There are 4 protein chains.
Amino acid sequence: MTETADETRRSIGARRNPASADAIREAAQAVLLEAGYAGFSIEAVARRARAGKPTIYRWWPSKAALLIDVYQRQKRVDNPDTGNLEDDLVQFLQSLFRHWRETPAGSIFRSVIAEAQTDEAAATALTDYAQDRRAHTGRMVARAIERGEVRADVEPTMVADLVASYAWVHLLTGRIDEDEATTRVAIRAIVRGILATPAK
Amino acid sequence: MTETADETRRSIGARRNPASADAIREAAQAVLLEAGYAGFSIEAVARRARAGKPTIYRWWPSKAALLIDVYQRQKRVDNPDTGNLEDDLVQFLQSLFRHWRETPAGSIFRSVIAEAQTDEAAATALTDYAQDRRAHTGRMVARAIERGEVRADVEPTMVADLVASYAWVHLLTGRIDEDEATTRVAIRAIVRGILATPAK
Amino acid sequence: MTETADETRRSIGARRNPASADAIREAAQAVLLEAGYAGFSIEAVARRARAGKPTIYRWWPSKAALLIDVYQRQKRVDNPDTGNLEDDLVQFLQSLFRHWRETPAGSIFRSVIAEAQTDEAAATALTDYAQDRRAHTGRMVARAIERGEVRADVEPTMVADLVASYAWVHLLTGRIDEDEATTRVAIRAIVRGILATPAK
Amino acid sequence: MTETADETRRSIGARRNPASADAIREAAQAVLLEAGYAGFSIEAVARRARAGKPTIYRWWPSKAALLIDVYQRQKRVDNPDTGNLEDDLVQFLQSLFRHWRETPAGSIFRSVIAEAQTDEAAATALTDYAQDRRAHTGRMVARAIERGEVRADVEPTMVADLVASYAWVHLLTGRIDEDEATTRVAIRAIVRGILATPAK
DNA sequence: TATTAAGCGAGACGGTACGTCTCGTCTTAGA
DNA sequence: TCTAAGACGAGACGTACCGTCTCGCTTAATA
């Protein structure tokens, strides 16, 4: 997350050198941050990490695998619990947008999505990841159901899907600097609906 | 739309030969359909279209531009008007998913999104396109407001954003074979909300 | 033969640019001269010639092919005609040794021989070249036969083979700085024989 | 001498395990025989010998050193003594050609020569070896001088140089299947000379 | 009618990156 | 202290595309 290794690394015997793996991951992150997905190549990472290309290919079978590994190591956004679902979801989205804006996470995630359109492994990893995140985000809804705020027949992951989709598409179309008011309007639609006369 | 041109094309004087442009677009579509975004290269399109690379670059400044052009030529999904917003939106999403499943459109759109993560022009085009589509989809909501079904303070494009985001993410994560019931549950959340006690 | 091209080269249309080919040959020669066969790589030649690797592979199928091309372009040693075979051959060998010492030719020829031990094409090219050179060198002997200096039943290429072999092995074992007297002793053995009592 | 060791070898304590060295030499020979110089790599030898690369590098400083070691272990061609120099030399060359054809020796020697064009150590080893062989071959000439067959002022190693050069170049240019008559013609030129009127 | 201007297919150009191979060095665990 | 094992940084291999360039041609519009 911090800096490129300068000291020369060597083999530490017939087993993987974690320092090399770390240096490669950090270099990958740095390259993504500085040059974006367009400039992200195994050669660039190897140069930056002062590692040999075969060392990278020894541990990550493809560009996609490295990308996903780097992405998985990102800190996750937490799961607010204010006692009010709308506030929870607004706070969640705002935290997520901030996280994407202020760390390499947003850039990396966009890259993973792009890579998933080309690479089968990345596609699978992305699908799995999305499912996992829906479950996680759905916990906010589940808590709201438990406290009687939300109807019992609502599927938490369905709501999480709506919220996450909103976030992803904002990331992909460069709209993650959205202010809280705008976010709240969208969340409120999901929570309260948009009908003039609420359905029975 | 159907076949690759075999007859040799020549210059038709000091102006663009539409036959070449068409052959290139058709070749691009065929390459995308057969080899996917991974196999989509200007060289492959030129080979397939029996065109010179400069002929492509003369009319499309980049791979992304060609991709977007091809995408724009796809038939659009229509805008249902049943007199009930929920039905309109469900029908819209189901039509869109079917369109993406049964024509090259889904494959092409995924490619445009991927390309937009690398290419600035594609990113701009995608943003513009998304805005345009939101306006279009928002018309369903606007009609519902006009007939008093939806509150007047609801921003139609905000609702369209929620719906389109749901669709995009399903495309990107391989979930466009969703059945109508599942789609309806999500749309109903947006329309009616999910609260146990509807807000005043 | 002289310098590396500095000016930027471009395509000159859908046909080979001789300037590129020349620059590559010259770069190959320069690399061989400076770094020897050990440092001779397609990458090094491409860097030196400011050419892309594919441009080299477009015209020379292998390292060996480039090597042989460069070697074939070397100026050949001439064919003395003093009226005395011994003098002709001594002068020929001394010229050859000087040529090998003072131009890249010696280094290149050693490389071709080495490459021929690995590469089938180089082996064939070397065999052909050797045969051609034997014919050429044999002309000195043929002239000696014509003027009655040498027996009519002597095969000129056989003598050329002996002389050329002597030269090659001296090149391969680093003995091309041999003085004229030593060369003459060897040539004299071939011309006059070494018997105490000359055979009838 | 023929097959790859299968049994696992272990260290035999703080001293060299001759079984490893033998296995490596045999593997090197087998690799040379089967894949030729082109396929001869330290990695290939290590794989074949089931030895670690450092074990090879511990005992042979370079690929060239291993090559030379393997070559030195080859049986040498003997030194005929028929009482007639021409017969001795013809027999010697024919034995040498047969040896090169029928054992890995020819392939190995070609490899040493190729390696010597790149590797300084191999070059030195080759030079030394050539000198040694000239001395050895020269003994046939020395015996001829002793019995008065050859002039006393003839330098035996010079004659050996001519004969060995002839042999080497035939090896390098794929002409070691030469029949005895052809060999004899060349040897006869060295022994008797080629002049129409023998020099006084 | 002759000239000119631009589009056309073609493909070479200098580059960059790919994923694989071997080099020679290093460190380990176990005998 | 030697062994097998194999990771390491380095860098070359030959291939695929990138986007640009120039060619020789064809044709329509202009002069």
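The structure displayed is predicted, hence computed values, not measured ones.
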Once you round it to whole Å, what is the distance between [atom2] of [N] and [atom1] of [X]?
X: B:N17; N: E:dA5; atom1: CG; atom2: P; answer: 21 Å
X: B:R48; N: F:dC17; atom1: CZ; atom2: P; answer: 15 Å
X: D:R58; N: E:dG24; atom1: CZ; atom2: P; answer: 16 Å
X: C:W60; N: F:dG14; atom1: CH2; atom2: P; answer: 15 Å
X: C:I56; N: E:dT16; atom1: CD1; atom2: P; answer: 14 Å
X: D:I42; N: E:dC21; atom1: CD1; atom2: C1'; answer: 15 Å
X: A:I12; N: F:dA7; atom1: CD1; atom2: P; answer: 11 Å
X: A:Y57; N: E:dC18; atom1: OH; atom2: C1'; answer: 6 Å

Residue mapping more 5' on DNA chain E - nearest nucleotide basis, D:K63 or B:R16: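 Looking at the nearest nucleotide for each, B:R16 comes out on the 5' side.
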
Given DNA chain E, 5'-ward residue of the pair C:P18 and B:W59, judged by closest heavy atom: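 It is B:W59, whose closest nucleotide lies nearer the 5' terminus.
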
C:E115 and C:Y37: CA distance, side-chain angles, deciding distance, side chain to side chain donor-acceptor pair (under 3.5 Å) verdict: CA-CA 9 Å; C:E115 194 72 16; C:Y37 177 54; 2.3 Å; yes

Report yes if at least one side-chain N or O of [X] is closer than 4.0 Å to OP1 or OP2 of [N]; otherwise report no.
X: A:R15; N: F:dG6; result: no
X: A:R10; N: E:dT25; result: no
X: C:S20; N: E:dA12; result: no
X: B:T55; N: E:dG7; result: no

Nearest-nucleotide comparison on DNA chain F, the residue closer to the 5′ end among D:G52 and B:R47: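 The residue closer to the strand's 5' end, by nearest nucleotide, is D:G52.
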
Contact nearer the 5' end of DNA chain F, comparing B:S11 with B:F40: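 Here B:F40 is the residue nearer the 5' end.
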
Basic-acidic side-chain contact under 4.0 Å: A:D119, A:K63: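 Salt bridge absent between A:D119 and A:K63.
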
cation_pi(D:R73, D:W60) dist<6.0 Å, angle<=45: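 No; the conditions do not both hold, so D:R73 does not lie above the ring face of D:W60.
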
Geometric cation-pi criterion C:R15 and C:W59, 6.0 Å radius, 45° cone: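 That pair does not qualify as a cation-pi contact.
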
Sugar-phosphate only, base, or nothing, as touched by D:K53 at under 4.0 Å among non-hydrogen atoms: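 Counting heavy atoms under 4.0 Å across all strands, the contact made by D:K53 includes a base.
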
Sugar-phosphate only, base, or nothing, as touched by C:S41 at under 4.0 Å among non-hydrogen atoms: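 Sugar-phosphate, backbone atoms only, no base.
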
Considering all heavy atoms, the nearest B:P18-B:I12 contact: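 Result for this residue pair: CD-CD1, 3.9 Å.
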
